[in-house]
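The structure appears below as structure tokens.
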2 protein chains.
Amino acid sequence: MIKEERQRLIIEKLNRDQKINLVELSQLLHVSYDSIRRDVIELEDKGLLKKVHGGAVANSYLSFKTTQGFGIDNQEVLHLTRKAQKLFENHQTILMDGGTTNFHIAEQFPKNLELTVITNSLPLAIVLNEHPKIETILLGGTYHKRYQITLGNQAMRQLEHLRVDLYLMGFNGLDPNVGVTLRNYEESVLKQKMAKSAKKVAICAITEKIHTIETYKVCDLHEIDFLVTSLKPSDPSLNDFRNKGIEII
Amino acid sequence: MIKEERQRLIIEKLNRDQKINLVELSQLLHVSYDSIRRDVIELEDKGLLKKVHGGAVANSYLSFKTTQGFGIDNQEVLHLTRKAQKLFENHQTILMDGGTTNFHIAEQFPKNLELTVITNSLPLAIVLNEHPKIETILLGGTYHKRYQITLGNQAMRQLEHLRVDLYLMGFNGLDPNVGVTLRNYEESVLKQKMAKSAKKVAICAITEKIHTIETYKVCDLHEIDFLVTSLKPSDPSLNDFRNKGIEII
DNA sequence: AAATATCTTGCAAAAAAATGCAAAAAAAAG
DNA sequence: CTTTTTTTTGCATTTTTTTGCAAGATATTT
């Protein structure tokens, strides 16, 4: 059996079962554990799945449900994205950028929610295919293959003509003193512009990202209006944010 | 058994099984392993399959995620999209809109081709992920969920800033008297603008579309520079097109 | 904290690929 | 019809890729 065939079978099983176990697979396909392990690493490099301890789960872009049942912190993401739904009301115009959190939020939109969503993320646009009442507008620009988003001047220029009700900002780091930070420079510039195009700005933070600082600063905390977190709004570690006028959700 | 017959059988088996094994094939066809291996190399050069260690797989074997519903089922389309490759040279900027034909052409780009591709089609952008030397620029605008393209004023405006070497135009109908026609009005308007942004315009027509007329007119024949067809350039049914100065490929 | 399961790393054997070469077959030329 | 040229084929050798194993490291569970 050739490697590619094996890898295809792995992906197929993954799509069926939502998760796979390496030991089980090696028995099923009659090859060593190591071969399967190496296949899974290759498939992860291609972005077709996500490797976890003991097995692999579907890449988050494909399906949300797939990540359940494995003990990573997806429970928190699920909780967070459910909570985030409170931000939206019918007939609003929402700006959403790339990132897995925004992807999951969009995926969980109620089917009867009527929104206009403006985004620079291709996976986001594609997942909104499933939501007939949502109108999607895509920002044009240079396409970033890994992040699957558009960037650059053309996206910036297009933003100048827009004024949205809410911007749901993806980010890497959040710190009470430094503000919102990011790992990628080009993206950070675009996000600054996005924030200025919006009446309100919301961020959705898993606990891991709070009190983390990354290289490029996007904005100060006073530009943020809502913070969605899985912590209780009264949690003392959120004092710094509440004091700056951010509404905790 | 002559080489051509063998290669035909290889392709047939590949279409059946999606994958082939070289050793197995050499036994099946009663020729040496080396002959099969050389056949497969030739077929890969022609872009008809992808060679992998131990065998070969169909071109879209593991990228099926992006090619869903786009599989080439038609020998003529395959022939046509291969022929269309002649249109491209390194370092050109190409404008390509949506549609399956353009998708297949992009899919078959040689991996070492250096292009800038501007498109309003999301599947096209995604398939170009696999081509590291191609820079992709996406046109923004209202996202059409069924066609998976962007449309509207924002796309139009973005085009005003662009001037490309070649526009590869998708279409529904082509007629010597009426010109190029389309089924969708909004798209037809955008295509008109696209044609004006390009130095040259090419269309790629399966025989079925020739002498067909649809509802909305895109442009006259004199705006078209190249016509890619599976017919021989000398075919008399193409006289009308050649007479209008269109180069038949 | 111990026990169990999984992961990583380096290595050697096996499988397959690439390369160069010469014989055979086919095509072209005389 | 024969000779020359070209193409195709199979084989032997070298190189690369893949594979499975074992030992030590890391993570997870009890």
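In what follows, chains are A, B, ... by sequence order, proteins preceding strands, each numbered from 1.
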- Would you call A:Glu12-A:Arg8 a salt bridge at under 4.0 Å N-O? yes

- Message: Between C1' on C:dT6 and CG on A:Asn21, what's the gap in Å once rounded to a whole number?
- Response: 10 Å

- Query: Rounded to whole angstrom units, what separation is found between the CG atom of B:Asp34 and the P atom of C:dC21?
  - Reply: 16 Å

- Message: Tell me whether B:Lys19 is salt-bridged to A:Glu5, with the criterion being a basic N under 4.0 Å from an acidic carboxylate O.
- Response: yes

- Message: With salt bridge (Lys or Arg N to Asp or Glu O under 4.0 Å) as the criterion, how do B:Lys200 and B:Asp165 come out once you've worked through the C-alpha distance, each side chain's angles and the decisive distance to 0.1 Å?
- Response: CA-CA 6 Å; B:Lys200 301 273 180 183; B:Asp165 297 311; over 6 Å; no

- Does C:dA16 have OP1 or OP2 sitting under 4.0 Å from an N or O in the side chain of B:Lys51? no

- Contact interval (first through last nucleotide) of DNA chain D with protein chain B, 4.0 Å heavy-atom: D:dT8 to D:dT18

- Separation of A:Ile41 atom CD1 from C:dT9 atom C1', in whole Å? 11 Å

Kindly list each side-chain donor-acceptor pair under 3.5 angstrom involving residues 170-180 of chain A, sequence neighbours excluded, with atom names and distances?
{"residue": "A:Asn172", "atom": "OD1", "partner": "A:Arg183", "partner atom": "N", "Å": "2.8"}
{"residue": "A:Asp175", "atom": "OD1", "partner": "A:Asn177", "partner atom": "N", "Å": "2.9"}
{"residue": "A:Asp175", "atom": "OD1", "partner": "A:Val178", "partner atom": "N", "Å": "3.1"}

- Item | Salt bridge flag under 4.0 Å for residues A:Arg242 and A:Glu247 | no

- Query: Is B:Ile137 close to A:Tyr143 at the side-chain level, that is, under 4.5 Å between some pair of heavy atoms?
  - Reply: no

- Query: Between B:Gly55 and B:Arg38, which is nearer to the 5' end of DNA chain C once each is assigned its nearest nucleotide?
  - Reply: B:Gly55

